[in-house]
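The figures here come from the full heavy-atom set of this structure, side chains too, leaving out hydrogens, waters and symmetry mates.
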Amino acid sequence: MVAGATKEGICLLEFTDRENLSAEYEELAKLFNTTIKPGYSLHFWALKKQLKEYFRGKREKFTVRLVTPGTDFQKTVWKELTNIPFGETVSYQEQAAALSNTSAARAVAQANASNRIAIVIPCHRVIGTDRALVGYGGGLARKKWLLDHERKYSGKAVELDLF
């Protein structure tokens with residue numbers, strides 16, 4: 001994974017093989033009126049510690065400081081993502097309903113796709129209305145792995161594929 005930070009907090013956490021990652025770098029550079037360059041931030045230390053805890057099954061919620069530039073709607077959608085409990089899923093329709101806008105499922109899906117902070121802002125917990133795995137920038141196999149990982153550590157049944 002690759003992470004980005006400002007003085008205020010984490011602004012990027014993505015899988016290195018994510019399609020259009022360079023476009024995300026360009027967008028962040030424009031949003032912050034800066035250039036993206038290698039470096040270190042104290043926020044990386046907190047992020048790395050919390051990610052290790054998450055992958056060991058010891059953390060369900062993240063407390064690392066985040067910087068999430070976007071529209072008001074995107075920020076509302078991303079905030080709602082953090083309310084989805086560890087080990088659980090909701091559909092885009094259910095997420096839209098939680099925002100009191102049941103007709104906004106497509107807009108919610110687009111906002112989720114614009115999330116630049118994978119895992120910490122858990123867009124992987126959103127699935128199709130038919131409960132199918134859909135729409136994850138990190139790939140559906142990775143989405144399934146993350147959901148299975150969370151189910152395992154939350155005590156919920158893990159879905160197994162035999163073939």
Side-chain angles (χ1 to χ4, degrees), residues 1-90 92 94-96 98-99 108-127 133 135-156 158:
M1 297 192 84
V2 63
T6 67
K7 290 178 184 171
E8 292 77 29
I10 298 296
C11 63
L12 178 75
L13 180 63
E14 283 290 4
F15 297 98
T16 56
D17 60 353
R18 177 169 173 126
E19 199 172 305
N20 298 323
L21 183 58
S22 60
E24 286 192 53
Y25 291 154
E26 290 171 19
E27 183 180 16
L28 284 170
K30 187 185 289 185
L31 287 167
F32 291 112
N33 193 28
T34 190
T35 56
I36 306 294
K37 57 187 177 218
Y40 184 76
S41 166
L42 289 177
H43 299 294
F44 293 154
W45 179 85
L47 177 64
K48 186 176 181 179
K49 178 182 183 295
Q50 290 183 24
L51 283 170
K52 281 183 178 180
E53 292 168 352
Y54 169 84
F55 285 114
R56 290 180 181 143
K58 305 288 185 197
R59 175 172 291 274
E60 296 182 4
K61 278 236 182 230
F62 291 86
T63 58
V64 66
R65 285 176 132 188
L66 302 178
V67 178
T68 55
T71 66
D72 289 343
F73 180 75
Q74 287 172 325
K75 290 177 183 182
T76 300
V77 169
W78 298 334
K79 175 73 174 134
E80 184 59 35
L81 286 169
T82 65
N83 293 329
I84 303 169
F86 181 87
E88 294 185 22
T89 58
V90 300
Y92 293 102
E94 291 166 329
Q95 188 183 8
L99 298 170
V108 163
Q110 286 180 313
N112 286 354
S114 299
N115 173 27
R116 293 180 206 89
I117 306 176
I119 302 173
V120 176
I121 299 177
C123 56
H124 62 276
R125 294 181 188 155
V126 184
I127 58 176
L133 296 185
Y136 187 61
L140 294 183
R142 197 172 274 144
K143 182 173 188 163
K144 182 180 181 340
W145 189 94
L146 289 168
L147 293 174
D148 286 347
H149 167 76
E150 291 184 6
R151 284 186 189 111
K152 172 183 172 184
Y153 286 104
S154 67
K156 293 178 177 47
V158 175

What pairs of residues pass the salt bridge (charged side-chain N to carboxylate O under 4.0 Å, His left out) test when at least one of them lies in residues 46-55, not counting sequence neighbours? K49-E53, E53-R59
Qualifying residues under side-chain contact (heavy atoms from CB on, under 4.5 Å), relative to R125, sequence neighbours excluded: I84, F86, P122, L147, E150
Heavy atoms of G135 and K143 approach each other most closely as O-NZ, 4.0 Å
Do the non-hydrogen side-chain atoms of I119 and F15 ever get within less than 4.5 Å of each other? yes
Is there a side-chain contact between Q50 and V120 in this structure, where contact means two heavy atoms from C-beta onward sitting under 4.5 Å apart? no
Please give me the minimum heavy-atom distance between I117 and L12, naming the atom from each residue. CG1-N, 4.1 Å
Under the ring-ring contact (aromatic ring centres under 6.0 Å, His included) rule, what pairs show up with a residue in residues 56-81, not counting sequence neighbours? Y54-F62
For R18, check salt bridge (charged side-chain N to carboxylate O under 4.0 Å, His left out) against everything at least two apart and list the hits. E14, E24
If you take all heavy atoms of H43 and A5, which pair is closest and at what distance? CB-CB, 4.4 Å
Holding to side-chain contact (heavy atoms from CB on, under 4.5 Å), I want the full list of residues that pass it with A3, two or more places apart in sequence or in another chain. L13, F44, L47
Pairs involving residues 29-41, ordered by first then second residue, that meet salt bridge (charged side-chain N to carboxylate O under 4.0 Å, His left out) (sequence neighbours left out): none
Among all residues two or more places apart in sequence or in another chain, which pass the side-chain hydrogen bond (donor to acceptor under 3.5 Å, both in side chains) test with D17? R142
All side-chain contact (heavy atoms from CB on, under 4.5 Å) counterparts of T35, not counting sequence neighbours: none
Pairing residues for E8 by the side-chain contact (heavy atoms from CB on, under 4.5 Å) criterion, not counting sequence neighbours: T6, V67
Answer yes or no: are there more than 12 heavy-atom neighbours, outside W145 itself, under 6.0 Å from its atom CH2? yes
Are P69 and R116 close enough that some pair of their side-chain heavy atoms sits under 4.5 Å apart? yes
When you measure from the side chain of N112 to the backbone of V126, do you find a donor-acceptor pair of N or O atoms at a distance under 3.5 Å? no
For the atom pair OG1 (T89) and CD (E94), what is the distance rounded to the nearest 0.5 Å? 7.5 Å
Between CG of L31 and OG1 of T68, what distance do you get to the nearest 0.5 Å? 11.0 Å
So, using ring pair (Phe, Tyr, Trp, His ring centres under 6.0 Å) as the criterion, who are the partners of Y153 when residues are at least two apart? H149
Per the salt bridge (charged side-chain N to carboxylate O under 4.0 Å, His left out) rule, what does the pair list look like for residues 60-75, sequence neighbours excluded? none
Checking N83 now: which residues fulfil side-chain hydrogen bond (donor to acceptor under 3.5 Å, both in side chains) with it, not counting sequence neighbours? E80
Which distance, rounded to the nearest 0.5 Å, do you find between the CD1 of I121 and the CD1 of I10? 11.0 Å
Are the side chains of F55 and L146 in contact, using a 4.5 Å heavy-atom criterion? yes
